[in-house]
Amino acid sequence: QVQLVESGGGLVQAGGSLRLSCAASGSIFAINAMGWYRQAPGKQRELVAVITRGGITNYADSVKGRFTISRDNAKNTVYLQMNSLKPEDTAVYSCNVKQNRAYGYEFDYWGQGTQVTVSS
């Protein structure tokens, strides 16, 4: 079992910046990709950014050039630097970690989420 704790959310004015952190603890082994998802009220959950253990990244088109995902494997932590924030970025941001399990299965772990609110 893996526990994920997000931090860094809050209220910020449009154009401002926030840095989210997600620290994994518990049965830390065979961790693969780590990423951030977000869900706004009445909207579907969407992928924001993902990073593999080897450092390969992928971003949603809506955040390219503004957000940067990174990870520290020694600390089992993934970060999301968010710059030039827009009101449209307002959502609950959740950390996701994928872990290799027996029989070739890959299991997903989710954090409780951290609220990001961007005022206009």
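Note that the coordinates shown come from a computational prediction; the quantities given were computed from them, not determined experimentally. For this chain, numbers begin at 1 and follow the sequence in order.
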Does anything in [range] form a disulfide (SG to SG under 2.5 Å)? List the pairs, not counting sequence neighbours.
range	value
residues 39-73	none
residues 65-120	C22-C95
residues 42-93	none

(request) Using atom types as modelled and distance alone, determine if a side-chain donor or acceptor of S27 lies under 3.5 Å from a backbone N or O of Q1. (result) yes

(message) Under a 3.5 Å distance rule, please check whether T90 uses its side chain to pair with a backbone N or O of V118 as donor and acceptor.
(response) yes

Salt bridge (charged side-chain N to carboxylate O under 4.0 Å, His left out): which pairs involve [range], sequence neighbours left out?
range	result
residues 48-64	D61-K64
residues 107-118	K98-D108
residues 69-86	none

(request) Determine, stepwise, if the pair V2 / N76 fulfils side-chain contact (heavy atoms from CB on, under 4.5 Å). (result) CA-CA 11 Å; V2 175; N76 297 308; over 6 Å; no

(request) Sequence neighbours left out, what passes salt bridge (charged side-chain N to carboxylate O under 4.0 Å, His left out) with R66? Give chain and number order. (result) D89

(message) So, using salt bridge (charged side-chain N to carboxylate O under 4.0 Å, His left out) as the criterion, who are the partners of E46 when residues are at least two apart?
(response) R38

With sequence neighbours excluded, tell me which residues meet side-chain hydrogen bond (donor to acceptor under 3.5 Å, both in side chains) with [X].
X	result
T52	none
E6	none
Y37	none

Please find the pair of heavy atoms, one from [X] and one from [Y], that lie closest to each other, and give the distance.
X	Y	value
S21	W36	O-CH2, 3.6 Å
G113	S94	CA-OG, 3.7 Å
S84	S17	N-OG, 4.3 Å

(message) For F67, give me all partners under ring-ring contact (aromatic ring centres under 6.0 Å, His included), at least two apart in sequence or on another chain.
(response) none

(message) Within a 6.0 Å radius of atom CD on E106, are there more than 12 heavy atoms belonging to other residues, nucleotides or ligands?
(response) yes

(message) Does F29, at its CZ atom, have more than 12 non-hydrogen atoms belonging to other residues, nucleotides or ligands within less than 6.0 Å?
(response) yes

